[in-house]
Amino acid sequence: MSVRTIKLKIDGKEVTAQEADTILEVARENEIFIPTLCYLEGLTSLGGCRLCLVEVKGSPKLFPACSTAVSNRMEVITNSDSLMEYRRMIVELLLSERTHICAVCVANDSCELQEMATELGTDHVRFNRKWTNHKIDSSHENLVLDPNRCILCTRCIRVCDEVEGVHTLDLKMRGKDSQVIIDLDEPWGASNSCTSCMKCAAVCPVGAIYIKGKALSETKDKELPEFVLGRRCR
Amino acid sequence: MKPDDIIKLAERDLNLRRSYKYRINVCCSSGCLPFGALKVLKEFQDAVKEFAVEEECKVARTGCVGTCYLGPVVVVEPGDYLYQNVTPEKAREIVREHITKGAPLKNLIYSNETFFKKQLRLVLRNAGKIDPFRIEDYISTGGYSALIKCLTKMSPQEVIDEVSASGLRGRGGAGFPTGHKWNFVARAPGSPKYVVANLDEGDPGVFANRTLAEADPHAIIEGMLIAAYAIGAEHGYIYIRAEYPLAIQTLKRAMKQAASLSLLEGDILESSFKFDVKLRLGAGAFVAGEETAILASIEGRRATPRPRPPYPATSGLWGKPTLIQNVETLANVPLIINNGGAWFSRIGSPRCSGTKCFSLTGKVKNPGLIEIPMGIALREVVFDIGGGIPDGKKFKSVQVGGPSGGCLPEDLLDLSVDYESLTKAGAIMGSGGIVVMDETSCMVDTAKFFTDFCVDESCGKCVPCRVGLVKVKNTFEGIIRGEGKVENLALLKKLGNLIQETSLCGLGQTAPNPVLTTLRYFEDEYISHIIEKKCRAGKCFTSHKEASRK
Amino acid sequence: METTKKIRLATVWLSGCSGCHMSFLDQDERLIELAKKVQLVYSPLVDIKTFPEDVDITIIEGAVGNEEQLNLLKQVRMRTKVLVALGDCAVTGNVTALRNALNNSAKSVLERAYVETADMNSQIPIDVPKLLEQACPLHEIVKVDYYIPGCPPPADLINYVLTELLSRKTPSMEGRFKYG
């Protein structure tokens, strides 16, 4: 089956793409930066973090680049002032949602949220921060789940389900009370389904799931499963 | 059963109905039940036996006539005498005087011309008139004749064209042209195709869809059948919230009866068209009414929305083309087929044809379920149909569109009720809630109340809705604690715009409406809360010690 | 041309570890350049007890943790033209605010520090400023004009921001800073 090649413009730059590609894929191929947090190549797109929203000429709506397919003669704008302001605010919201203290975080220097704040210039948070005190699950031999740092991107859940094929992880509750859980909200150490593959720690963009005893920046390349190497947003 | 058999059945039942001199319709909808409607019904049944008028008087259990503020409500035909607040004792009296002697009880009759005069009951055509548990009642009033017309005289495309010509738009809130949608699904490749009827009315204070299902379930089923025939669907789902037990019971009974007359399941009326319907009960999440969340829930997953495109029309249930319509939209369809799209397009306003059901609540004299032609002014809804504000209080605001509707001030009361006008003013058609507020309501408190609702109901998938709404809520809490700053208002607006523009689904996109409209139309109330630390309506600050202790 | 009047600079140390001030000092020889342009009118580095009037730029390290700091901050804001939050504690609350997640946070940290872990004379001190229930970043109390995140912010970044401010330009922070 042949795939149609189409032409479109991203930020005024003329690019070619294949019909089923998403805006994000085409932009990355052409070295146009669109920020993402919940997206990870190889997993189904969630469209939840809303950082990759772009404008498409002719529509008043914004589209998530990670899950919107390109179309012929589409004109995409990825960096308008209002988009940048929205993105800064979204990072502010995430930083203020739970307890994000980079200085004492295992993911310091290796965290995508931290990096996003730098990239977008979110140098302070206008909203009152919420300081959470969720229970940390360190019952697993090698892994720790700290909901206080979780941004609910669900990458861990998706990688566990779609790549490892286990679906140990899932969400409980909804809205602001959502939390990643192990099996039916049991201690991780007691899980029969978990294969300890560590993919969840590898894909976590922040320090919510990590491997015991090591800072994320140390563990990164050597111990990560092949699947995630080079896929994290840089 | 063949089409002719249905027509014969209709004639037979109509003759039976005509053989009665009187008919007593006892509303047994969820509105009247708590007032003891079933006892009243029983008393009527006993009384007609006792007074030996069984042969000439039929006592029927029916759905809602809309005057929920008068329950239990009983209507005596002919003449449509509406008896209010009927008790078993009054029921006996009605039979004794009205039925046996032909003398209506004037002191019990409710005569409020304006409540009914400005309404136009198309969707609710049978509500309060037929017994929802008897399919024969529906058939004898012309029910399923539109389906027969489609199956015997119209091609699927002709059905779609008729719906397109009617100008009918989705009644679930967004107002997408129904004909367009049907065309998309009909042309989408893939099989089987599905029809989903949305009856997940999760808005507090809104009960239009429930009432429809309780009063006239077959109108929904017939609408689904016609839609399925038009788009080539084989399977259907009615997604209804589990908190509507009577509606569920009514629909179940209706589906069973329809199947027994070969109007559902297998070959419909011995044609080659097949269609079956299943009920799916929602677990009571507001977000589950969003169309992609419904799909997820029906498939057995968490009811969270997903980005569109792909639209359900091309990739819906299990990736197959799926038509999702609100039940009110579907209930319009048989009328359009029977009377023609051109007839329908002349009703209501030019851009917006037909009628809309609203649950009218709050500070009005006549709260209840109403159906109005599109394009009518809000003022008529509040002051004519609603009867105005009780207890001599002054009108302050009307919220249109459910919990995420906008709060409009008195200056905008002449606004016409249609999708475009409402959206422009910052409100929405939504699922059809109208809440009237008088001078004792505080708009800051009101906006906070609805924000709290949306915070609780956010699914949490996207950041602006999950976190942004919490920040809006926190800001309100600060203002009500007396810690508000004037700068908060600019940030509230920014936050509101962010949530509106960047949220994943309709819940988030509309959730800031109460905040943004109150900021737009009632900013002075915010200012007096922040600077003078005063709530003119006396709602805020009084309980603030209690709140801070929490 | 006559050299312009020196800029009146102040630095303030609230609830922080003084790491940000260390980083400030890490500007090393650039401090000499800086000293030509500014007069240090208040700082933990100098021996002035009350915060002076008419300050041009004040750099504040640390979160607001107690009532004394709260009052000082308000006074600083009234007497300063440009207020700069220096370091994560001042910008986010950071480690100082870790206690915020505890119930009765002020009481619990005092108990822990002065009673539970005390070897002798365990008692909660009484002659010191009262802890606020929640430690918070500066901008939750007063208006802050510029933010320099980092734990601590690198000397280069501090120098960049100061240089920009001294030449009346707006520093651009995108890509330059890092929390933590």
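Every chain is numbered from 1, with letters handed out A, B, ... down the list of sequences.
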Would one find more than 12 heavy atoms of other residues, nucleotides or ligands at under 6.0 Å from atom [atom1] of [X]?
{"X": "C/K107", "atom1": "NZ", "result": "no"}
{"X": "C/D28", "atom1": "CG", "result": "yes"}
{"X": "C/K81", "atom1": "NZ", "result": "yes"}
{"X": "A/K212", "atom1": "NZ", "result": "yes"}
{"X": "A/E141", "atom1": "CD", "result": "no"}
{"X": "A/K61", "atom1": "NZ", "result": "yes"}

What distance separates C/L98 CG from A/W131 CH2, expressed to the nearest 0.5 Å?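 Between atom CG of C/L98 and atom CH2 of A/W131 there are 7.0 Å.
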Give the member of C/D88, C/N94, C/V91 that has the highest number of heavy-atom pairs under 4.5 Å with chain A.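 Maximum pair count with chain A is reached by C/N94.
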Derivation of the salt bridge (Lys or Arg N to Asp or Glu O under 4.0 Å) call for A/D123 and C/R176: CA-CA 10 Å; A/D123 61 4; C/R176 281 204 164 85; over 6 Å; no
Let me see the working for A/T122 and C/M173 under side-chain contact (heavy atoms from CB on, under 4.5 Å), right down to the final yes or no. CA-CA 8 Å; A/T122 310; C/M173 298 303 286; over 6 Å; no
ring-ring contact (aromatic ring centres under 6.0 Å, His included): which pairs involve residues 159-180 of chain C, sequence neighbours left out?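 Sorted pair list: C/F177-C/Y179.
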With sequence neighbours excluded, give me every ring-ring contact (aromatic ring centres under 6.0 Å, His included) pair touching residues 74-108 of chain C.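 Every pair satisfying ring-ring contact (aromatic ring centres under 6.0 Å, His included) with a residue in residues 74-108 of chain C: there are none.
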If the plane angle is over 60° it's perpendicular, under 30° parallel, otherwise tilted; pick one for C/Y147 and A/H124.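 Plane angle under 30°, so parallel.
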Between C/N100 and A/K130, is there a side-chain donor-acceptor contact under 3.5 Å, judged purely by atom types and distance?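 No, no side-chain donor-acceptor contact under 3.5 Å.
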With only heavy atoms counted, which part of C/A97 is less than 4.5 Å from chain A, the side chain, the backbone, both or neither?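 The answer is both parts of C/A97.
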Heavy-atom pair of closest approach, residues C/G180 and A/N108: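 Answer, listing the atom of C/G180 first, then A/N108: C-ND2, 4.0 Å.
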Nearest heavy-atom pair of A/T118 and C/K178: which atoms, and what distance?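 Looking at all heavy atoms of both residues, the shortest contact is OG1-CA, 3.8 Å.
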Worked verdict on A/R129 versus C/T92 for side-chain contact (heavy atoms from CB on, under 4.5 Å): CA-CA 8 Å; A/R129 284 167 177 255; C/T92 73; 3.3 Å; yes
Do C/E174 and A/R88 meet the salt-bridge criterion of a basic N to acidic O distance under 4.0 Å?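 Salt bridge flag = yes for C/E174 with A/R88.
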